Amino acid sequence: MDSAVAVEAIACSMPVWIAETAWHASLRKNLEESQSPPRLTWFPMKADETFEAATTRIAFSLDDHHNEFAKGQGYKYLLVFGSEFLAPMALKLNELSFEKYENTDFGFVASK
């Protein structure tokens, strides 16, 4: 995702975690220069890591911060931008109680 406005809109209703990549550098700059920057979590990518691998790796950290034990009711959906859903990802994401996956034009949605 490269739209600061879209990120700000989504961040109003749910936590947003974005990979720190060269591709996202201008997005981060635009968001940080905003008059009221949204609360975001930027996470580092490992060397030569794919977005798909980063998605499953970071999903566990995200879950620690936003699951039912951390936030009362917890979260039900995971919107992933920039990575399509691949069947091997289900092995890890199922451990977090995700059951349904739907590819979209922007990436995919996982739901519990």
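Just so you know, these numbers use all the heavy atoms, side chains as well, and skip hydrogens, waters and symmetry mates. All values reported here derive from a predicted model rather than from experimental measurement.
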Would you please name every residue forming a side chain to side chain contact (heavy atoms under 4.5 Å, CB included) with Phe43, sequence neighbours left out?
Trp17, Ala19, Met45, Ala54, Arg57, Ile58

Gap between atom CG of Asn30 and atom NE2 of His24 - 0.5 Å precision:
12.5 Å

Verify same cluster id: Met89, Phe51 (apolar side-chain graph, 4.5 Å)
yes

Taking every non-hydrogen atom, the tightest pair across Glu8 and Ser34
OE2-OG, 3.3 Å

Would Leu96 and Phe108 show up in the same hydrophobic cluster when neighbours are defined by side-chain heavy atoms closer than 4.5 Å?
yes

What side chain to side chain donor-acceptor pair (under 3.5 Å) pairs are there with at least one residue in residues 84-96, not counting sequence neighbours?
Asn94-Tyr101

Residues forming a side chain to side chain contact (heavy atoms under 4.5 Å, CB included) with Ala11, sequence neighbours excluded:
Val16, Pro38, Leu40

Summary of salt bridge (charged side-chain N to carboxylate O under 4.0 Å, His left out) pairs that have at least one residue in residues 97-112, sequence neighbours excluded
Asp63-Lys112

Can you name the side chain to side chain donor-acceptor pair (under 3.5 Å) partners of Glu52, sequence neighbours left out?
none

Is it the case that one hydrophobic cluster holds both Leu86 and Val109, taking links as side-chain heavy atoms less than 4.5 Å apart, direct or via other members?
no

Any idea how Tyr75 and Phe98 line up, ring-wise: parallel (<30°), tilted (30 to 60°), or perpendicular (>60°)?
tilted

Which residues pass the ring pair (Phe, Tyr, Trp, His ring centres under 6.0 Å) test with Phe106, sequence neighbours left out?
Phe81

Where do Leu93 and Ala59 come nearest, in terms of heavy atoms and distance?
CD2-CB, 3.7 Å

Leu91 side, atom CG; Thr56 side, atom OG1 - distance, nearest 0.5 Å
10.0 Å

Atom CZ of residue position Phe60 - does it have more than 12 heavy atoms of other residues, nucleotides or ligands inside 6.0 Å?
yes

